[in-house]
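What follows is a set of notes on a single structure, which appears directly below.
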Amino acid sequence: GDEHYEVYICGPIRELRKIEVKKDNSVLLMNFIPGMANSLLRCPIEDLTETSAKATVLLHGGQQIYSSFAKPIELEAKIKQISAVLRTHILRTPHNNLITQCVRLIYETDGNIRAEALAEEMNVTARYIGKLFETYVGLSPKYCSGIIKLNEAIRRVMYTKDEYLTNVAAECGYFDHTHMNKYFRKMVHCSSGEIRKNNFDGIDYSKVDSFV
């Protein structure tokens with residue numbers, strides 16, 4: 001019909017301020033962490049600094065995404081199609097299999113595995129593993145492991161009310177309760193005791209990184 005679509009990819013978030021949105025227009029924003037952007041772009045992410053460009057030119061699957069917008073279907077269906085396109089291109093990343101295996105090991109050990117051990121399992125160097133994670137995941141292996149370890153600790157803190165927090169810390173691979181609380185405060189900005197008492201109600205989500 002009379003509908004017109006434009007799909008852009010831009011660098012820093014401040015570039016969004018330059019987008020002109022007219023009355024009755026709709027805008028769908030997708031925010032990528034650096035690792036995902038590196039997997040999807042046809043150019044180095046640095047090339048988008050202080051600028052924006054049409055996604056059909058610079059984004060793998062950009063033309064398919066544009067076509068999804070143009071289809072006369074509900075917005076929810078469009079978003080599902082776009083997600084499928086992005087997943088397909090992310091999985092085509094040459095190093096995806098190695099990263100997938102590393103993430104699997106991190107989950108299997110509840111985050112209690114060092115980059116050196118990952119590297120030994122994959123028969124590569126720890127430095128190589130670190131570069132892959134920084135480029136294609138956007139986080140270091142250590143930070144990824146820390147998130148998974150914290151997830152298991154929170155689960156135990158919340159659902160094993162009779163277990164001493166010192167025991168939870170030891171079973172989750174922390175040196176002691178103080179060490180565990182250090183990670184709780186760093187990642188979710190409250191202590192393990194506060195989560196046990198108030199569940200998630202005590203967390204200020206405005207301070208917590210979305211990927212955590």
Side-chain angles (χ1 to χ4, degrees), residues 13 29-40 76 79-80 83 86-87 90-91 93 95-212:
I13 198 72
L29 301 177
M30 293 179 290
N31 185 27
F32 301 110
I33 63 174
M36 291 303 176
N38 275 307
S39 300
L40 292 167
E76 183 177 351
I79 293 173
K80 287 182 178 179
S83 297
L86 293 173
R87 273 198 306 274
I90 289 170
L91 290 174
T93 300
H95 305 293
N96 181 70
N97 187 51
L98 179 60
I99 295 172
T100 299
Q101 292 183 57
C102 288
V103 172
R104 176 181 56 79
L105 281 172
I106 290 173
Y107 269 100
E108 287 178 353
T109 60
D110 290 326
N112 287 294
I113 187 167
R114 299 173 65 87
E116 291 77 10
L118 284 174
E120 187 175 347
E121 286 282 344
M122 299 297 121
N123 198 30
V124 295
T125 65
R127 184 179 180 185
Y128 182 65
I129 291 286
K131 284 187 175 181
L132 284 186
F133 268 72
E134 290 288 357
T135 301
Y136 294 103
V137 180
L139 302 171
S140 69
K142 180 178 180 180
Y143 208 108
C144 287
S145 296
I147 292 173
I148 303 305
K149 181 186 288 191
L150 181 77
N151 180 68
E152 176 62 15
I154 289 176
R155 187 187 69 78
R156 287 174 178 264
V157 166
M158 291 182 65
Y159 299 114
T160 58
K161 299 287 188 181
D162 296 331
E163 189 173 12
Y164 288 115
L165 293 177
T166 51
N167 292 343
V168 172
E171 290 171 4
C172 290
Y174 296 101
F175 296 126
D176 52 31
H177 183 212
T178 300
H179 184 226
M180 181 172 74
N181 265 345
K182 177 183 177 181
Y183 273 83
F184 268 70
R185 294 191 184 282
K186 177 181 179 180
M187 293 186 175
V188 293
H189 299 272
C190 66
S191 69
S192 55
E194 289 169 330
I195 284 187
R196 172 165 282 182
K197 181 180 179 181
N198 302 312
N199 293 327
F200 292 114
D201 294 337
I203 297 177
D204 182 353
Y205 288 96
S206 67
K207 298 179 180 179
V208 180
D209 289 324
S210 58
F211 49 79
V212 175

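Since the model is a prediction, treat every value here as computed from it, not as a measurement.
Here Y164 contributes atom OH and E171 contributes atom CD; the two are 13.5 Å apart, rounded to the nearest 0.5 Å. Between the CG atom of N198 and the CD1 atom of I203 there is a distance of 10.0 Å, given to the nearest 0.5 Å. Going from atom CE of M122 over to atom CG of L105 covers 4.5 Å, rounded to the nearest 0.5 Å. Of the inter-residue distances, the one linking E152 atom CD with N112 atom CG reads 9.0 Å to the nearest 0.5 angstrom. One finds the CD atom of E108 at 10.5 Å from the CD atom of Q101 (value rounded to the nearest 0.5 Å). From S192, atom OG reaches atom CZ of R156 across 13.5 Å, with rounding to the nearest 0.5 Å.
Enclosure of atom CD in E120 is not indicated, since only 12 or fewer non-hydrogen atoms of other residues, nucleotides or ligands lie within 6.0 angstrom. Within 6.0 Å of atom CG in N123, 12 or fewer heavy atoms from other residues, nucleotides or ligands are found, so the atom counts as exposed in its surroundings. Atom CZ of R127 sits in a sparse spot, with 12 or fewer heavy atoms from other residues, nucleotides or ligands closer than 6.0 Å. Atom OH of Y107 is surrounded by 12 or fewer heavy atoms from other residues, nucleotides or ligands within 6.0 Å. Heavy-atom contacts from other residues, nucleotides or ligands closer than 6.0 Å to OH of Y205 number more than 12.
A pairwise comparison of heavy atoms in G111 and K149 identifies O-CE, 3.9 Å as the closest pair. Residues F184 and A153 approach most closely at CE1-CB, 3.9 Å, considering heavy atoms. Contact record, H179 with D176: N-OD1, 2.8 Å, taken as the closest heavy-atom pair. Closest heavy-atom contact between C144 and L139: SG-CB, 3.9 Å. Nearest heavy-atom pair across N199 and K161 is OD1-NZ, 3.8 Å. Closest of all the heavy-atom pairs between C102 and L118 is O-CD2, 3.7 Å.
Proximity of V168 to E163: side-chain heavy atoms (C-beta onward) are separated by under 4.5 Å at one or more points. When side chains are defined from C-beta on, C190 counts as touching I195, because their heavy atoms get closer than 4.5 Å. Residues K182 and Y174 have side chains not in contact (no heavy-atom distance under 4.5 Å, counting atoms from C-beta outward). Here the side chains of R196 and T160 are in contact, with some heavy-atom distance below 4.5 Å. Side-chain contact between F200 and I154: present, with at least one pair of heavy atoms (C-beta onward) separated by less than 4.5 Å.
Panel note: side chain R114, backbone P141; no donor-acceptor pair is recorded below 3.5 Å.
Under the 4.0 Å criterion applied to side-chain N and carboxylate O atoms, K131 and E134 are not assigned as salt-bridge partners.
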